[in-house]
Structures are given as structure tokens and as C-alpha cells.
Amino acid sequence: MLITIRHLLNKNSSSRYQTGFIMPETRLRFPPSPTGYLHIGGARTALYNWLYAKKTGGTLVLRIEDTDVDRSTRESIDGIIDGLTWLGISWDEGPYFQSEFSDDHRAAAERLLAEGHAYRCFCTKEELDNKREIALAEKKQFGYDGTCRNLTAEEISSKTAAGIPSVIRFKVPEREGKIGYDDKVLGRIESSYREIDDFVIVRSNSQPLYLLCNVTDDIRDRITHIIRGQDHMTNTIKQLLLYEALSAPVPEFAHIPLTLDVKKAKISKRSHGEIVAVQFYRDHGFIPWALNNFLVLLGWSPGDDREIFSRDELIEAFTLERINRSASIFNYKKGDPKFFTDPKAIAINEHYLRTMAIEELAPMVADELRAEALWDEAYGDDKQQWFFNTLGLIRSRFHTINDFSSMGRAYFADDYVIEQKPLNKNLLKFPELAQWLPELADRYEASEEFSAEETERLAREIAESHGLPPGVIINGMRTVVTGQLAGPSMFDILLAIGRERVVQRLRKTPELYS
RNA sequence: GGCCCCAUCGUCUAGUGGCCUAGGACACCGGCCUCUCACGCCGGUAACAGGGGUUCGAGUCCCCUUGGGGUCACCA
């Protein structure tokens, strides 16, 4: 396939490029290591890769980098896949498991060894740790000192024969000057050859290491663009050497800024816990696309004032060149009672919650109601219109999908909680309501029609007859009927809850005074 | 510590030498609306890290300082 495309390009490349009939295929990858759940930094990296793949009509490969068997777990793999699926970040190939390609990795190592790009190193970890410590104490540079770099063939075979374990190190070319690449977001990045240590590519137990595996897999998977965090920048320089030694074409690199916490520390699962886990947002009632929309803005902007994007709009607007260079801060303050996560994330979620089509919102709310045993099959059937109307009525005050089952409980069940604050303020303060509200219930039951106009008229009438401001009746009623201090227009609520239940609830008012 | 990257309101950001009296969003504060609370609408507070250059002119280019981050594993 690749050969065919290359053949076509070579054959008639200039004219085809100019007319744009054939664009080179773009292939991207998201290669998480399954050592924990998917966190928002990883999700953002995946998002950027996905967006670029979509934008260029390319392919996104999901590759699980599980070569560190001690730390990789099945739950973690599942968690990552669930997280991506929930976010709607789809991949076109994979998941591949890096551990299944160890033959490729070993072959690459053998080749490097055979071609003189790598050598066996018999230094023990202890020796190296010591040297590093001394260098650190003397404030000198602490790279590998090249002890085994020029061992003779005899020395190597005698050490091997003696059963001394060895690792394989890459032999960084002795060259003057610099090696570098043009980063799509950072520009030209260079490093002197002499700054680069001879890094280990295969462990003494013959397990190839990340730098090699990653490059080998990217070559095999024909990856053309690598979008990853800036923490990989120094790896990139070393990997460039690997591409060269393996005589493979070097992909484009785009190093995206890291996301830091409010103290400017790199966010991590270990130090931040579940707040940085994608799972957390699912559990807290986030709309998947809203989280994507928030995440994409953490380090990228379209260049104009737009901040809310549909999937297609975002794919259209997204470019590597507009990714920021500087780290962004995930603005989460632990223990803030008002904001359980970054306020902007919540604001974007709220935006979607109240502007998206009810038909799209409804399934998410339905899932939540099912989980809380509040779902009635009729909501999807002959009560669907009622269900949609009710969501439309109550959603503007909500922050997450979960609020529909908590703050919105009174619309779907009779066992809602009467909150203390409105109870004191709107009910207990007016003992007369224990009588007037049941009285209003009688009028509602007897009235010819149960419309917003009529219920309001009757409520105002009763208030007037007892010399009360209408607000007292209305808010008392709100407390009894919904249990809450605030909500939609009271008479809309009445219609949503229905005459029968309203009457029932109002009649129980005296119980609240005990 | 070496090497590398970065630096505009509290946060996310626009800004690619004159359109900047630095714009938008979130958050915050005020107002309108109102049966409550939201939504919505209107308005407000709030930033170019510091110092040198270059230039007629610098948030924008260069240098230095400072600050922050990354990385220096037989982890990925």
C-alpha cells in the first residue's frame, strides 16, 4: 500500500502535488503506558492527535506501551480505553500492544549492534549510580562516561563468557556541531552531539527500552506526525539518532505544552488523585464533548474569539501552528466549595448543558436517572414530550448531568429532600402556611383547569385574601413542592409536576412543621 | 548543577513593529429582568516579570537578569 502510494508520488509527484489530488498520508499515534488511569494531560494529547488526524484525513493508531510489565495493568488498559471511548476520541488502528512486538525491538537492537551504532556495556547499575552521585556532588555533568564504548572484541567475549551481564548502549556519533529538528510548535530545536549520552537501548535482561521500542514501533506503524508533551523534547534528540541509524525517515514533531497545577507542578495521578482523571469527569456528570472543548483550549486557540466548537468546527479550526508554547495551568483549588474543578471547565459544561439540543441531552440524563433508579420507561415513550419539556425547564440552573437526579429529583420522584435553608426561610417563618397551602391544594384540585395562568391566579388570590404578599405563598409552595430555595417559574413547575402530585405535596405541608 | 523550553489580567488566551487608550472568555463585583434562583442582557475591577538595546515607533525584534517548567533511569 505504502509502496504503491510512493510509487505514484514519485512517478508524477510534481503535478499531483500542485493540483492537490494526492496528499501524503498522515499517520498519528497515541501511545499511553498503562500504569494508571487516563488523565487529562494524556486525554489532551490524544485529543490533539485525533484532531490532527481528522483534519488531515489521516489515521490515528492507539498503541499501548506496556513493555514495563511490572507496572502495566489490565485495569489501566481498560481505563484508558474507556476514557477515550467516553470522550469520543476514536482510533483507526489498534489497540496494538507494544509487548507483542518485542521481536521487532530486538531485531532493531541487533541491527544497531551489528552495524556499529551500539555496543555492549558491562558497567553495573551500582557503579553508574555511584559515579552519578559523585558527579552530582562535585556539580559536574553526570552522563555516561563511555567506559565500555571502545571495548575490544576480545574484552567483550571474555566478559560475556565470564557471564557478566551487559546492556546495549547506543553509540552517539562523535561529531562536531548540532543535531536538531523543526518542531511544529516550538520551531527549530537543536542540541550538540557532545551533550548526548550513550543511552541504554536494551536492558541486561534483554528487554529493549522505551527509546528504542517507541522509535521501532513508530517506524513500523509508519507514523508521520508525533504530537506529544514537551517532557519528551530531550527524548526526541536521541530518537533522531535512532531514526538515522535505522535509516528511517524522521517524522514531524509537535511538542505541546504541559499542563501544570496552580502551584505550577506537573499534574500527575500520584500527586493530584482523581481530580485529574478523565473518569472523574464522567462520574461527575460532565458532557464528554464539553471536556474535550475545555481541554483543547488548554494550550491552543483558534486565533479569534471563538471558544465553543462543535466537533466539525474544531476539526476545521485546529492547526498545529496555533498550539501555544507555554505551559497552561489547570486551575483547580482543592477544597473550593463552589468549584469542584477548574471553573472554566464547569462553565463550558454548563454552556453545553443549557444550549445543546434536548434530544441530545436527554440520553445522558436518562443514563443518570437510570443509575439513580429514577428512570421511568415512559420517559422514552409516551411521556417523552413531558420529559423533554421538563429538561428544558430545569436545565439552566444545573452544572452537570448529575444535578438532574439531585437538584432535579422532585421532578422525577416523590422522595426528594426538603432543604433546610428554604424550609426555614420560606416555610417555618410563616406558620400560617401550614393551613393556607393545603387550602390552595383544595382549590387546585377543584379548579376547572390546571394552567399556568389559573394556578397563578389562584395563588395570588389566596395570598390577597389573607393579606400576604404573593411571594410568601409562591415560595412556600416552591419549598414544599420542590424542596428547594430556587428553581424555574413556580407555575411552570406546577405543570411539570402535575396537578395530582402538587395537590398531594401541598396537603402534606403541616408535616414539615413538626 | 548541565542541557533544553517558556514568560500578556487570578485562570485560559488574542496580539507576528504603528489598527493597543492591550481585545475576548471564565471567575469576581454592580445593574436590568423577577414569585425565588439561575439563564440572558448591560456595565465594572484586573495583565505586557525587570533592565538594557534596535527602531521615527516595541507587548511584538535582539541581549542580559529574574522567575517558572522539563530533562539528565537497565520507567514510559
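Order of the sequence lines fixes the chain letters, A, B, ..., with proteins taken first and strands second; residue numbering starts at 1 for each chain. The figures that follow rest on heavy atoms only: side chains count, while hydrogens, waters and symmetry mates do not.
- Side-chain atoms of Asn324(A) lie closest to A14(B) of the nucleotides C12(B), G10(B), A14(B).
- For the C1' atom pair drawn from C19(B) and C32(B), the interatomic distance equals 34 Å after rounding to whole Å.
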* To do: Treat primed atoms plus P, OP1 and OP2 as sugar-phosphate and everything else as base, then score nucleotides 36-48 of chain B 5' to 3': B for base contact with protein heavy atoms under 4.0 Å, S for sugar-phosphate contact only, - for none.
  => BBBSS--------
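- For Leu186(A) and C4(B), the CG to P distance is 13 Å, given to the nearest whole Å.
- For Arg106(A) and Glu110(A), the salt-bridge test fails: no basic side-chain N is under 4.0 Å from an acidic carboxylate O.
- No side-chain N or O of Arg71(A) forms a donor-acceptor pair with one of Thr35(A) less than 3.5 Å apart.
- Across every strand in view, U11(B) sits in a pair with A25(B) that passes the Watson-Crick or G-U test at under 3.5 angstrom.
- Lys178(A) has no carboxylate O lying under 4.0 Å from a charged side-chain N of Glu195(A), or vice versa, which leaves the two without a salt bridge.
- One atom, CG of Asp336(A), and another, C1' of C26(B), lie 13 Å apart when rounded to the nearest Å.
- Using modelled atom types and a 3.5 Å distance limit, the side chains of Glu368(A) and Ser405(A) yield a donor-acceptor pair.
- The side chain of Ile329(A) sits closest to C12(B) out of C3(B), C5(B), C12(B).
- One can place CD1 of Ile323(A) at 15 Å from C1' of C5(B), the figure rounded to the nearest angstrom.
- Thr67(A) and Tyr210(A) share no side-chain donor-acceptor pair at under 3.5 Å.
- Gly299(A) comes within 4.0 angstrom of sugar-phosphate atoms only, judged by non-hydrogen atoms across all strands, and of no base.
- For C28(B) and G10(B), the C1' atoms lie 9 Å apart once the distance is rounded to whole Å.
- When both distances must be under 3.5 Å, the Watson-Crick or G-U wobble mate of C19(B) does not exist.
- Going from the P atom of A25(B) to that of C39(B) covers 15 Å, rounded to whole Å.
- Taking atom P in both C56(B) and G70(B), one finds a spacing of 43 Å when rounded to whole Å.
- Residues Tyr193(A) and Arg175(A) have side chains that bring a donor and an acceptor to within less than 3.5 angstrom of each other.
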Pairwise N/O distances under 3.5 Å, protein to nucleotides 61-63 of chain B:
none

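- Closest to the side chain of Asn331(A), out of G10(B), C28(B), A27(B), is G10(B).
- Comparing U66(B) with G50(B), their P atoms are spaced 16 Å from each other, to the whole Å.
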* Contact letters for nucleotides 66-76 of chain B, in which S counts primed atoms plus P, OP1 and OP2 and B counts the base, heavy atoms under 4.0 Å -> --SSSSBSBBB
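- Side-chain polar atoms of Ser326(A) and Asn324(A) form no donor-acceptor pair below 3.5 angstrom.
- Rounded to whole Å, the C1' atom of A58(B) lies 11 Å from the corresponding atom of C48(B).
- Between Arg325(A) atom CZ and C5(B) atom C1' the separation is 11 Å, expressed in whole Å.
- Within 4.0 Å (heavy atoms only), Arg395(A) reaches no atom of the nucleic acid at all.
- As judged by a 4.0 angstrom heavy-atom cut-off over every strand, Ile346(A) is placed among residues making no nucleic acid contact.
- Of the candidate nucleotides G24(B), U16(B), C3(B), U16(B) has the atom nearest to the side chain of Arg322(A).
- Separating the CG atom of Leu240(A) from the P atom of C4(B) is a distance of 16 Å, rounded to the nearest angstrom.
- Aromatic ring centres of Phe101(A) and His105(A): separated by at least 6.0 Å.
- Among the atoms of the strands shown, none is found under 4.0 Å from any heavy atom of Phe330(A).
- Classification of Glu127(A) and Lys125(A) as a salt-bridged pair fails, no side-chain N sitting under 4.0 Å from a carboxylate O.
- If you take CZ of Arg228(A) and C1' of C5(B), they are 15 Å apart, rounded to a whole angstrom.
- At A25(B), none of the side-chain N or O atoms of Arg306(A) fall inside 4.0 Å of OP1 or OP2 (strictly under the cut-off).
- Partner of His284(A) under the ring-ring contact (aromatic ring centres under 6.0 Å, His included) criterion, out of Phe286(A), Tyr281(A), Phe280(A): Phe280(A) alone.
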Show every donor-acceptor pair shorter than 3.5 Å between a side-chain atom in residues 343-356 of chain A and any protein atom, with sequence neighbours excluded, or say none if there are none.
{"residue": "Lys344(A)", "atom": "NZ", "partner": "Glu307(A)", "partner atom": "OE1", "Å": "3.3"}
{"residue": "Lys344(A)", "atom": "NZ", "partner": "Glu307(A)", "partner atom": "OE2", "Å": "3.2"}
{"residue": "Asn349(A)", "atom": "OD1", "partner": "Ile287(A)", "partner atom": "N", "Å": "2.8"}
{"residue": "Asn349(A)", "atom": "ND2", "partner": "His399(A)", "partner atom": "O", "Å": "2.8"}
{"residue": "Glu350(A)", "atom": "OE2", "partner": "His399(A)", "partner atom": "ND1", "Å": "2.4"}
{"residue": "Tyr352(A)", "atom": "OH", "partner": "Trp289(A)", "partner atom": "NE1", "Å": "3.3"}
{"residue": "Tyr352(A)", "atom": "OH", "partner": "Asn293(A)", "partner atom": "OD1", "Å": "2.5"}
{"residue": "Tyr352(A)", "atom": "OH", "partner": "Phe309(A)", "partner atom": "O", "Å": "2.9"}
{"residue": "Thr355(A)", "atom": "OG1", "partner": "His351(A)", "partner atom": "O", "Å": "2.6"}

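- Pair check for U34(B) finds none; no Watson-Crick or G-U wobble contact set falls under 3.5 Å.
- Taking the C1' atom of each, A14(B) and A47(B) are spaced 13 Å apart, rounded to whole Å.
- Rounded to an integer number of Å, the gap from Asp304(A) CG to A14(B) C1' is 9 Å.
- A distance of about 16 Å separates the C1' atoms of A22(B) and U45(B), rounded to the whole Å.
- In a base pair of the Watson-Crick type (N1 to N3 plus N6-O4 or O6-N4) or a G-U wobble (N1-O2 and O6-N3), with each distance short of 3.5 Å, G67(B) is matched with C6(B).
- For Lys184(A) and C5(B), the NZ to P distance is 19 Å, given to the nearest whole Å.
- Geometrically, Arg499(A) does not engage Tyr444(A) in a cation-pi contact, judged by NZ or CZ lying under 6.0 Å from the ring centre and within 45° of the ring axis.
- Residue contacts for Pro343(A): at a heavy-atom cut-off of 4.0 Å it reaches the sugar-phosphate backbone alone, with no base atom in range.
- Contacts of Asp304(A) classified as side-chain hydrogen bond (donor to acceptor under 3.5 Å, both in side chains), with partners at least two apart in sequence or in another chain: Arg306(A).
- Checked against Leu437(A) for a side-chain contact (heavy atoms from CB on, under 4.5 Å), the options Leu512(A), Leu427(A), Val481(A), Thr479(A) give a single hit: Leu427(A).
- At a threshold of 4.0 angstrom between heavy atoms, the contacts of Glu307(A) include nucleobase atoms, whether or not backbone atoms are also involved.
- Shown here are the salt bridge (Lys or Arg N to Asp or Glu O under 4.0 Å) partners of Arg220(A), two or more places apart in sequence or in another chain: Asp104(A), Asp217(A).
- Applying the Watson-Crick and G-U wobble criteria (two distances, each under 3.5 Å), U54(B) pairs with nothing in any strand.
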